[in-house]
Amino acid sequence: MNFQYRSFEKELEKGKKELKKAWEKEDIYKTICYLRYLTCFYYTINYRLTDNELEMITADASLKLLGETKLQQINQNKVIFYDGFALAARGLAGIYVKALCDLGFEVTWIMYKWAPDYNEIHKKFSTRNVDFIKITSNNILDRMRELRDIVQNISPKCIFIYTTPDDVGGIGTFSTINGRTIRFLVDLTDHAFWLGKCATDYVIGFRNVGYNAAVTYRIFDKDKVLLLPYYPEKREEYSFEGMPFDYKKHEFVFSGGSPYKIEGSTLYEDLVCYILNKNQDMYFVFAGNGNNEILERLKKKYPKRFFQIDERKDLDQVMKLAKFYLSTYPMFGALMAQYAITNKCIPVSLCNMDTPLANPATLVLHPEKANFISDSVDEICKFIDYIMSDEEYYQSVKNDLDDQVISENDFKEVLESIILHQDSKYKGHLEDTDIQSFLDIYRKRASKDLYVKTIGNSRNRWVYRRHPLIWLKRKLGLL
């Protein structure tokens with residue numbers, strides 16, 4: 001284990017000691033602040049998938065702050081969709097709210113005042129039966145009180161919790177609910193740590209490996225974990241933004257995601273080099289904010305053919321133009337692969353069969369037909385050669401993508417079954433899932449820079465007192 005990771009572990013130990021001191025003294029504000037810091041730390045390095053002690057302290061501190069949130073008269077036609085992300089062109093919020101509206105529910109969509117895409121979301125759903133509410137308080141304790149009051153006033157049939165892994169305020173508030181309202185947690189990040197068990201009646205996962213993670217590692221009862229695969233929301237309203245080259249003259253391979261997803265292995269870089277060396281007229285585009293050594297090397301090696309662009313909202317248009325999509329490795333992007341499939345852009349994917357959480361085959365409905373996925377570099381290279389040289393084979397693979405993603409109508413019908421009967425036709429089954437090998441990927445990317453940034457972005461004055469130099473760097477804008 002490297003020194004940097006030991007530094008993370010030591011910081012977690014110190015943080016937990018401070019948390020327990022604050023909790024035992026019933027200093028609610030300090031307790032909540034330390035919970036937020038620790039859950040963010042857990043998620044950043046994916047230390048483990050869950051922590052029962054943090055769940056227990058979250059529930060206890062929230063109950064002492066708010067008391068029980070009693071809901072007696074349930075409004076059967078009202079649903080709350082609580083959105084801690086508030087992103088218009090990423091994630092699952094749009095498809096859930098659209099389905100809820102189509103099912104006839106009155107939806108209250110709750111976001112915070114800093115919601116990055118609030119105006120765009122509001123405009124997009126302005127003709128729907130949606131009531132938008134912004135939580136505006138600055139102090140986290142006041143935000144929890146404000147959220148509690150909203151829930152009590154609405155008294156919904158159910159609440160969909162769709163939020164960040166370290167949302168102590170939201171999870172803490174929902175943990176205090178006492179009544180017949182059903183709390184569904186939408187498990188967007190089944191591969192990572194998240195806080196939420198204390199506020200959840202049912203988990204909605206999207207693949208069997210997430211079902212296994214919830215049952216085996218997060219210790220949910222099997223009948224409390226429901227499966228609902230998702231489809232990517234269409235982005236046809238976004239016009240094509242172009243490319244940094246003449247895309248009408250040059251074919252290109254598309255890829256993208258958070259740059260950390262290609263760290264910890266050189267195999268992604270090797271595949272890019274193989275593609276560009278074997279096809280001298282081919283260009284390559286990586287869409288993702290941020291940078292790393294691998295991307296820098298590729299840009300220097302292929303200055304006129306490898307391009308990095310920012311994240312794009314016009315993914316539908318980009319995918320339709322690309323020759324194929326190359327999934328990131330050792331961690332793949334689930335939603336990006338889904339966008340590729342729905343736009344008939346073959347998502348060529350190298351995977352590690354021993355690490356199911358990082359295996360794209362867990363995402364498709366018919367993995368036996370997914371010949372674009374392999375754990376062999378040689379097989380992936382052969383497949384790329386086939387689709388590059390044989391147009392008939394290339395078209396046949398694209399045509400086989402049709403039924404790999406759930407349809408919008410099927411999604412809506414299963415969601416209705418989940419709400420009314422807490423049941424889904426998609427059934428999870430237990431299998432041997434090696435989580436540790438996946439968590440080791442995060443250990444390999446632990447670094448001093450990540451350590452400093454995590455502490456620097458904590459906004460926790462007690463943590464800053466232990467790390468004055470990091471606080472100073474943040475104050476000077478050096479992080």
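Values reported hereafter were calculated over all heavy atoms of this structure, with side chains retained and with hydrogens, waters and symmetry mates removed. Everything quoted here is computed from the prediction, not taken from an experiment.
Side chains of Val151 and Phe174 form a contact here, defined as non-hydrogen atoms less than 4.5 Å apart. Residues Trp194 and Leu49 have side chains not in contact (no heavy-atom distance under 4.5 Å, counting atoms from C-beta outward). Residues Val364 and Leu401 form no side-chain contact, since every pair of their non-hydrogen atoms from C-beta on lies 4.5 Å or further apart.
Interatomic distance, OG of Ser62 versus CD1 of Ile32, reported as 4.5 Å (0.5 Å rounding). Taking CZ of Arg218 as the reference point, atom OG1 of Thr50 lies at 6.5 Å (rounded to 0.5 Å). Distance CD1/Ile171 to OG1/Thr39: 10.0 Å, rounded to 0.5 Å.
Aromatic rings of Tyr96 and Phe411 (six-membered ring for Trp) have centroids within the 6.0 Å cut-off, being under it. Separation of the Phe193 and Tyr42 ring centroids falls under the 6.0 Å cut-off.
Just one of Phe125, Phe81, Trp109 meets the ring-ring contact (aromatic ring centres under 6.0 Å, His included) condition when paired with Phe132; it is Trp109. The one candidate from Glu120, Glu233, Glu311 that meets the salt bridge (Lys or Arg N to Asp or Glu O under 4.0 Å) condition with Arg90 is Glu311.
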Stepwise side-chain contact (heavy atoms from CB on, under 4.5 Å) check, Val203 with Leu226: CA-CA 6 Å; Val203 176; Leu226 306 170; over 6 Å; no
Glu9 vs Arg6, salt bridge (Lys or Arg N to Asp or Glu O under 4.0 Å): CA-CA, chis, key distance, verdict: CA-CA 5 Å; Glu9 289 193 317; Arg6 286 292 301 161; 2.9 Å; yes
Criterion side-chain contact (heavy atoms from CB on, under 4.5 Å) on Ile135 and Met111, from CA distance to verdict: CA-CA 6 Å; Ile135 294 174; Met111 291 175 257; over 6 Å; no
Worked check of side-chain contact (heavy atoms from CB on, under 4.5 Å) between Arg183 and Phe160: CA-CA 6 Å; Arg183 301 165 299 178; Phe160 287 87; over 6 Å; no
Full working for side-chain contact (heavy atoms from CB on, under 4.5 Å) between Leu450 and Ser447: CA-CA 5 Å; Leu450 188 62; Ser447 66; 3.5 Å; yes
Audit row: Arg143, Glu146, salt bridge (Lys or Arg N to Asp or Glu O under 4.0 Å) steps and yes/no: CA-CA 5 Å; Arg143 292 197 297 270; Glu146 192 175 344; over 6 Å; no
Intermediate values then yes/no, side chain to side chain donor-acceptor pair (under 3.5 Å), Arg312 and Tyr238: CA-CA 9 Å; Arg312 299 278 286 258; Tyr238 299 108; over 6 Å; no
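When the salt bridge (charged side-chain N to carboxylate O under 4.0 Å, His left out) test is applied to Glu55, no partner is found at least two apart in sequence or on another chain. Listed by chain and number, the residues in a side chain to side chain contact (heavy atoms under 4.5 Å, CB included) with Lys222 are Tyr211, Val215, Leu430 (sequence neighbours excluded). Remark: Arg145 pairs with Asp142 by the salt bridge (charged side-chain N to carboxylate O under 4.0 Å, His left out) rule, at least two apart or across chains. In terms of the side chain to side chain contact (heavy atoms under 4.5 Å, CB included) criterion, residue partners of Gln76 (sequence neighbours excluded) are, by chain and number, Ile74, Lys157, Arg180. Applying the salt bridge (charged side-chain N to carboxylate O under 4.0 Å, His left out) rule to Lys20 yields the partners Glu53; only residues at least two apart in sequence or on another chain are considered. Remark: His366 engages Glu368, Lys369, Asp403, Gln404 in a side chain to side chain contact (heavy atoms under 4.5 Å, CB included) (not counting sequence neighbours). Residues satisfying the side chain to side chain contact (heavy atoms under 4.5 Å, CB included) criterion with Cys40, sequence neighbours excluded, are Thr44, Asp166. By the side-chain hydrogen bond (donor to acceptor under 3.5 Å, both in side chains) test, Tyr112 pairs with Tyr82, sequence neighbours left out. Asp402 is linked by a side-chain hydrogen bond (donor to acceptor under 3.5 Å, both in side chains) to Lys344, counting only residues two or more places apart in sequence or in another chain. For Asp423, the salt bridge (charged side-chain N to carboxylate O under 4.0 Å, His left out) test picks out Lys427, with sequence neighbours left out.
Taking a cutoff of 4.0 Å between a charged side-chain nitrogen and a carboxylate oxygen, Arg207 and Asp190 qualify as a salt bridge. Ion pairing between a basic and an acidic side chain is recognised when a charged N comes within 4.0 Å of a carboxylate O; Asp51 and Lys16 show such pairing. Using a cut-off of 4.0 Å between Lys/Arg side-chain N and Asp/Glu carboxylate O, Arg466 and Glu11 are scored as salt-bridged.
Counting heavy atoms of neighbouring residues, nucleotides and ligands inside a 6.0 Å radius, atom CZ of Arg48 exceeds 12 of them.
Ser255 contributes no side-chain N or O that, together with a main-chain N or O of Phe286, makes up a donor-acceptor pair within less than 3.5 Å.
Within the structure, salt bridge (charged side-chain N to carboxylate O under 4.0 Å, His left out) pairs that include any residue of residues 27-36 do not occur (at least two apart or interchain). For residues 92-114, every residue pair satisfying the salt bridge (charged side-chain N to carboxylate O under 4.0 Å, His left out) rule, not counting sequence neighbours, is listed here: Lys98-Asp102, Lys98-Glu408, Asp102-Arg128.
Ring orientation note: the planes of Tyr451 and Phe41 are nearly perpendicular, at an angle over 60° on the 30°/60° scale.
Judged by the 6.0 Å distance and 45° axis criteria, Lys261 is not positioned over the aromatic ring of Phe332.
In this model, no donor atom of one side chain and acceptor atom of the other lie less than 3.5 Å apart for Tyr162 and Asp187.
For the residue pair Leu147 and Gly170, the shortest heavy atom distance occurs at CD2-CA, 3.9 Å.
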